[in-house]
Visitor: 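One structure, as structure tokens, below. Some questions next.
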There are 2 protein chains.
Amino acid sequence: MPSRSAVPDGKRPTLSDLAARAGVSVPLASMVMRGAKGPSAASRERVLRAAQEIGYRPDSRARLLRSSRSHLVGVQFDLRQPFHADMVEALYAAAGAAGYQIALSAVAASRSEQEAVEALLADRCEALILLSPHAPAARLAELAAQLPVVSVARRLRPLTDGVDVVRAADDEGARQAVDHLVALGHRDIVHIDGGRAPGAADRRRGYKSAMKHHGLTDRVRLVPGGLTEDHGAAAARTLLAEAARPTAVLAFNDHCAIGVLDTFLRARIPVPDEISVVGFDDSHLARLAHVQLTTVGQEARQLARRAVSRAVARLEGGAVDEEREVVVTPHLVIRSTTRAPCRS
Amino acid sequence: MPSRSAVPDGKRPTLSDLAARAGVSVPLASMVMRGAKGPSAASRERVLRAAQEIGYRPDSRARLLRSSRSHLVGVQFDLRQPFHADMVEALYAAAGAAGYQIALSAVAASRSEQEAVEALLADRCEALILLSPHAPAARLAELAAQLPVVSVARRLRPLTDGVDVVRAADDEGARQAVDHLVALGHRDIVHIDGGRAPGAADRRRGYKSAMKHHGLTDRVRLVPGGLTEDHGAAAARTLLAEAARPTAVLAFNDHCAIGVLDTFLRARIPVPDEISVVGFDDSHLARLAHVQLTTVGQEARQLARRAVSRAVARLEGGAVDEEREVVVTPHLVIRSTTRAPCRS
DNA sequence: CATTTGATTTATAACGTTGTAACAACGTTG
DNA sequence: CAACGTTGTTACAACGTTATAAATCAAATG
């Protein structure tokens, strides 16, 4: 069996291998590797060259074990939600900038939130960022008793003890969408909702209140939907089966909106000529060249930054008793699926 | 500030807290926690109850540090590829069954493969599973000199030293798709390819050889495509602009196929009535109720299982000098986007 | 009764890293 | 020249866990 590294015994090189090679003590090598001030330029260079030569890599686990701080933030996300992909990317950047690392733990059909969180805890994360968690509020509170917990996009009705919330102003987003549609001349605007999904209630409320504000209370119409394209497609079929169709649809999220778009296309109903469609999230789906979905942008960057800084504040600032809830204002992104209705 | 845990000082409980609480020694508590044989039923129960009471959780980092084996496999995946999501899910299961844990590291627009791999190495992974890596073969070989590396879906032309490959038989998959279409009566079958993406060359070759096998060499037609919906949409527009349209399209992957479908729909070209479309991967996109894409299934479960067992074999079996390349046979999944051509 | 056996339990020493405090070597200063 | 900072370096202990070997103890044997 061939040797797998530059030190004789085939194991990965450690600090003491490095120190031996450079002809210095272990602590000195350590200081150089972590860029602490102290070592002279000469020894610094010697150590770095030796590191290069033997291919030394610090062992982050030992490092974290030693320092009581782990500077590790656990992130729970759902593999099936594209918006989560955007968030994870933004979280890497935000955490890096704050001097923290990220440990990912995925939720999927065969992997529960419970399992995902267990893994993060065993990994010694100092704080948890949960992307639209479905766990009961009691469970979140239980976790928050052990370490800082940030719930992203999931609002907690009574501000749950110890759990920070970072979310977009879903009601405001829905309002913007309705305003835009009304300004274009639409009156029959339907909302395909997200049932009991995180954020759904707020979007519903925002939709209703905006309709009311425009004096369209009697045109309010909710169709049961959900988070997936299938849900959107089903809702769209419901609409098609009816005599009087709406002129515009506000879908719960981009995924759902795509299902709606697709169903309309198949039924030969041109969008936006005959009917306008608005999504929610501004995930990369919406930006696809052939989709160009008008949607409510959730500002993943912002959300990520705020979530991280919230967690860090709890960790470093001691008792941070400002707002428990951070609300980021969403922004309507107008693309090509909305237009004035062709006939009133 | 409220206490964040069940032990007085607010830190997370350790083995010695647990041992003290249970009135036993630290090593004994350790044995109980990891289910080693030795402890009596009585002490086992006492320790477990104490663990329950103080909310003890083993610190996996310390655990890994101590045992030279970490039983940790690093997985590099791309947040934007739905097929990777399926693979990650399957990998969790496969690794768990083999007694290993998984560390995820994502690649995205703002996070390079290099960064992703660095993070995994620092985490002390024993082996790396890379999902369609784009890194140059030389770089992979360099990594393989340090630890077992499995490349999934990316074939390495000359079997690169030390890198195992697990992939679907892309050529065979393309062949199956063509066979299916020909059996339905199609002759003008176009392939929208994946350029230089991993697997693209094989699919191209499989397509060509199958066409040849059916005596359709003069009908071979390649259109430049890519991995995303946008690529598929662009290719479809190219096809639409021409006088003689094909009766069937084999797209590089599901993503690309969806772009094609969408463009055809917008152009009022019914699928599969006027034109058939086949994808590749059988990612969850293809299974959506309103898409029901006929596609070549890559068998994520199989791939994941084989990738893990390959890595484990290298780690545990010492010198495993069987095949360096594991090829899984794909299976055509016939759904609703293929049908006999309406006019010959 | 002394002694072996077997089952439990414990003491001790690591794993690779870093913080603390101590230590040399050196030139400055009174 | 003695006392003193500086600057660079090192010894030592610790983080939370587990492997090894040694210790304890009851029961069983000769």
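Letters A, B, ... mirror the listed sequences (proteins, then strands); counts begin at 1.
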Visitor: Looking at B/Arg61 and B/Asp59, is there a salt bridge between them, counting it only when a charged N and a carboxylate O are closer than 4.0 Å?
Guide: no
Visitor: At less than 4.0 Å, is any side-chain N or O atom of B/Ser40 found next to OP1 or OP2 of C/dT9? Yes or no.
Guide: yes
Visitor: Taking 4.0 Å as the cut-off, does a side-chain nitrogen or oxygen of A/Ser43 come that near to OP1 or OP2 on D/dG8?
Guide: no
Visitor: Between A/Arg34 and B/Met31, just flag the one whose closest nucleotide in DNA chain C comes earlier from the 5' side.
Guide: B/Met31
Visitor: Taking the side chain as every heavy atom from C-beta outward, state whether A/Ile129 and A/Leu91 have any atom pair closer than 4.5 Å.
Guide: yes
Visitor: Classify B/Ser30 by what it touches in the nucleic acid, base, sugar-phosphate, or nothing, heavy-atom distance under 4.0 Å.
Guide: base
Visitor: So if I take the C1' atoms of five pairs at each end of the helix from C/dC1-D/dG30 to C/dG30-D/dC1 and get each local axis, what angle do the two axes make, rounded to 10 degrees?
Guide: 80°
Visitor: Given 3.5 Å as the limit, does a donor-acceptor pair link the side chain of B/Gln76 with the main chain of B/Val117, or not?
Guide: no
Visitor: Working note: A/Val47 + A/Arg21, criterion side chain to side chain contact (heavy atoms under 4.5 Å, CB included); need CA distance, chi angles, decisive distance, verdict.
Guide: CA-CA 8 Å; A/Val47 171; A/Arg21 173 86 179 208; over 6 Å; no
Visitor: Pick the closest DNA chain C nucleotide for A/Met33 and for B/Gly38 by heavy atoms, then say which residue is nearer the 5' end.
Guide: B/Gly38
Visitor: Considering only C/dT17, D/dT9, D/dT10, which nucleotide approaches the side chain of A/Val26 most closely?
Guide: C/dT17
Visitor: Rounded to the nearest angstrom, tell me the gap between atom CG in B/Asp123 and atom C1' in C/dG16.
Guide: 14 Å
Visitor: Side chains of B/Val152 and B/Arg154: does their closest heavy-atom pair fall under 4.5 Å?
Guide: no
Visitor: Can you check whether B/Pro133 reaches B/Arg139 side chain to side chain, under 4.5 Å on heavy atoms?
Guide: no
Visitor: Taking the side chain as everything from C-beta on, heavy atoms only, tell me whether A/Glu126 gets closer than 4.5 Å to A/Val73.
Guide: no
Visitor: Detail all sub-3.5 Å separations between protein N/O atoms and N/O atoms belonging to nucleotides 14-16 of chain D.
Guide:
| unit_1 | atom_1 | unit_2 | atom_2 | d |
| --- | --- | --- | --- | --- |
| D/dA14 | N3 | A/Arg66 | NH1 | 2.7 |
| D/dC15 | O2 | A/Arg66 | N | 3.3 |

